Amino acid sequence: MDLHDRDTPVMIAGPAADPDVAVVSLRRLHGRANAAAELTRVRRSYHGPLLVEPFSALDLPAIVTHADGVVVGGAWMQDFQLLRAVARTGRPVVVQRAPAATLEEWLSAAEYCVAEGNQDVVLCETGTRTHLPHATIDLSLVRAAGRHRPVLVDVSAAPDLAVAALSAGACGLLLGEDAESAVVAGVRAKAALLGALTCDDVPETIPGARAAIDRVDAALATLLERRAELAATVQRLKPVGGFAGRDPRREREIVEAMVSRAPRLGADRLGRIMTAVIETGLEASEERDLSPA
Ligand SMILES: C=C(O[C@@H]1C=C(C(=O)O)C=C[C@H]1O)C(=O)O
C-alpha cells in the first residue's frame, strides 16, 4: 500500500463507500472490543487496503495480522511509547494532528516513527477547534507540513473543502467511516479534475502515459458534460435557441480565447474541435427539449 507515491490523490473512507483505502478506528470502541475479533469481522466484508487506529499498543498484533497500515489518532499523537510501538510494526503509519498541536509537534511525532527506522510516515490533518460547530481544517498548516511529509486531510466535516485541500498540497483525502457513496463519488470526481489539470509530469512508459490520458479524459468528460449543461441554459434564455439561434461570432471568439492554451493544436484544429463540441451540445439540448418530460 503506497499512500504517497501516486499522482492521483488517494481517497480514504469506510468500507461501505468504495474507498481506495478504508480506515477503521478501534478507539471508537473505547477499548471494549477485542481487536482481533473486530478486524476479523471487518475483513469478512472488506478485502481492500485497510488502515486501523488502535485503542492502545495491545491492539497492534491484531492490526499487523489484518491491516496494511496504522493510524495514530490525534488524541494519541503525543503518546511517544505508542508512536514507537506503531513504527516498529514496520507498517505505514498515519499520524493525525491533535486539535491544538503545532506544526512542530506534529512533525516531531512523525520523527519518533522515523527514528524507529520506519520511513513510511504520512501526516493527517483533522482540524482545529474553532467557533465552527465542527473541526476547522487548517490549510496553511497543510501547505507547510506538506513541505516535509505527505499529508492527508480529513474532509468528513467539510467535503466542499476537498479541492482546496488538494490545492494546498494534500496527497489524499479522508472521508470518514460513514461517508455516503454519493459524497465520495462527488469528491472523487472533483479530485480527478484537479489532478488532471495540475499534474504535468511526463510519463516514461506506454501504460503510464495511457493511465495519464485516462485521467485527463475523465476530467474532459466532466467538463464537456458541464459545458453542455451551460450551453443548454443559454438556449433556454435566448429569444431564439438551438441551431436556429447559432452565433458564429461568439463561436469565433471562444476559439480565439482558447488558442493560447492549446499551442500544439493551433487555431484551425481547435476550431474544428470546438465546432464539434458546440454542435453536439446544441444537438443534445434540442433532443432534450423534444423528449417528453
Ligand atoms: C451557448 C450559445 O449558443 C450557441 C452555442 C455556443 C456554445 O456552445 O458555446 C456558442 C454560440 C451559439 O452558437 C451562446 O449563444 O452563447
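Here the structure is a predicted model, which is why all the values come from computation and not from measurement.
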Can you name the nearest heavy-atom pair linking [X] to [Y], along with the distance?
| X | Y | answer |
| --- | --- | --- |
| L82 | S56 | CD1-C, 4.0 Å |
| E125 | W106 | N-CZ2, 3.7 Å |
| P54 | V71 | CD-O, 3.0 Å |
| H47 | R43 | CE1-O, 3.0 Å |
| S156 | L175 | OG-C, 3.3 Å |
| F55 | W76 | O-NE1, 2.9 Å |

Check this for me: [X], atom [atom1], are more than 12 non-hydrogen atoms of other residues, nucleotides or ligands nearer than 6.0 Å?
| X | atom1 | value |
| --- | --- | --- |
| R269 | CZ | no |
| L230 | CG | yes |
| E225 | CD | no |
| R210 | CZ | no |

With the side chain counted from C-beta on, respond yes when [X] and [Y] share a heavy-atom pair under 4.5 Å apart, and no when they do not.
| X | Y | answer |
| --- | --- | --- |
| L50 | V52 | yes |
| L174 | C124 | yes |
| V277 | L224 | yes |
| V72 | E53 | no |

Pair V70, L60 - check side-chain contact (heavy atoms from CB on, under 4.5 Å), show working.
CA-CA 8 Å; V70 191; L60 292 176; 4.0 Å; yes
Report the residue from L123, T128, V153, L103 that forms a side-chain contact (heavy atoms from CB on, under 4.5 Å) with L141.
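Only one of L123, T128, V153, L103 forms a side-chain contact (heavy atoms from CB on, under 4.5 Å) with L141, namely L103.
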Just how far is it from atom [atom1] of [X] to atom [atom2] of [Y], taken to the nearest 0.5 Å?
| X | Y | atom1 | atom2 | result |
| --- | --- | --- | --- | --- |
| E251 | E253 | CD | CD | 10.5 Å |
| L223 | D217 | CG | CG | 11.5 Å |
| I63 | D59 | CD1 | CG | 5.5 Å |
| E105 | Q78 | CD | CD | 5.0 Å |

Looking at [X] and [Y], would you say the former's side chain and the latter's main chain have a donor-acceptor pair under 3.5 Å?
| X | Y | result |
| --- | --- | --- |
| K238 | G245 | yes |
| Q235 | G242 | yes |
| R91 | D120 | no |
| T222 | A218 | yes |

Please step through salt bridge (charged side-chain N to carboxylate O under 4.0 Å, His left out) for the pair E283 and R288, ending with a clear verdict.
CA-CA 9 Å; E283 209 177 283; R288 200 165 171 178; over 6 Å; no
Pair R246-E279, salt bridge (charged side-chain N to carboxylate O under 4.0 Å, His left out): steps then yes or no
CA-CA 9 Å; R246 220 163 151 185; E279 287 181 351; 2.9 Å; yes
Side-chain ion pair, R252 and E256, N-O less than 4.0 Å
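No, R252 and E256 are not salt-bridged.
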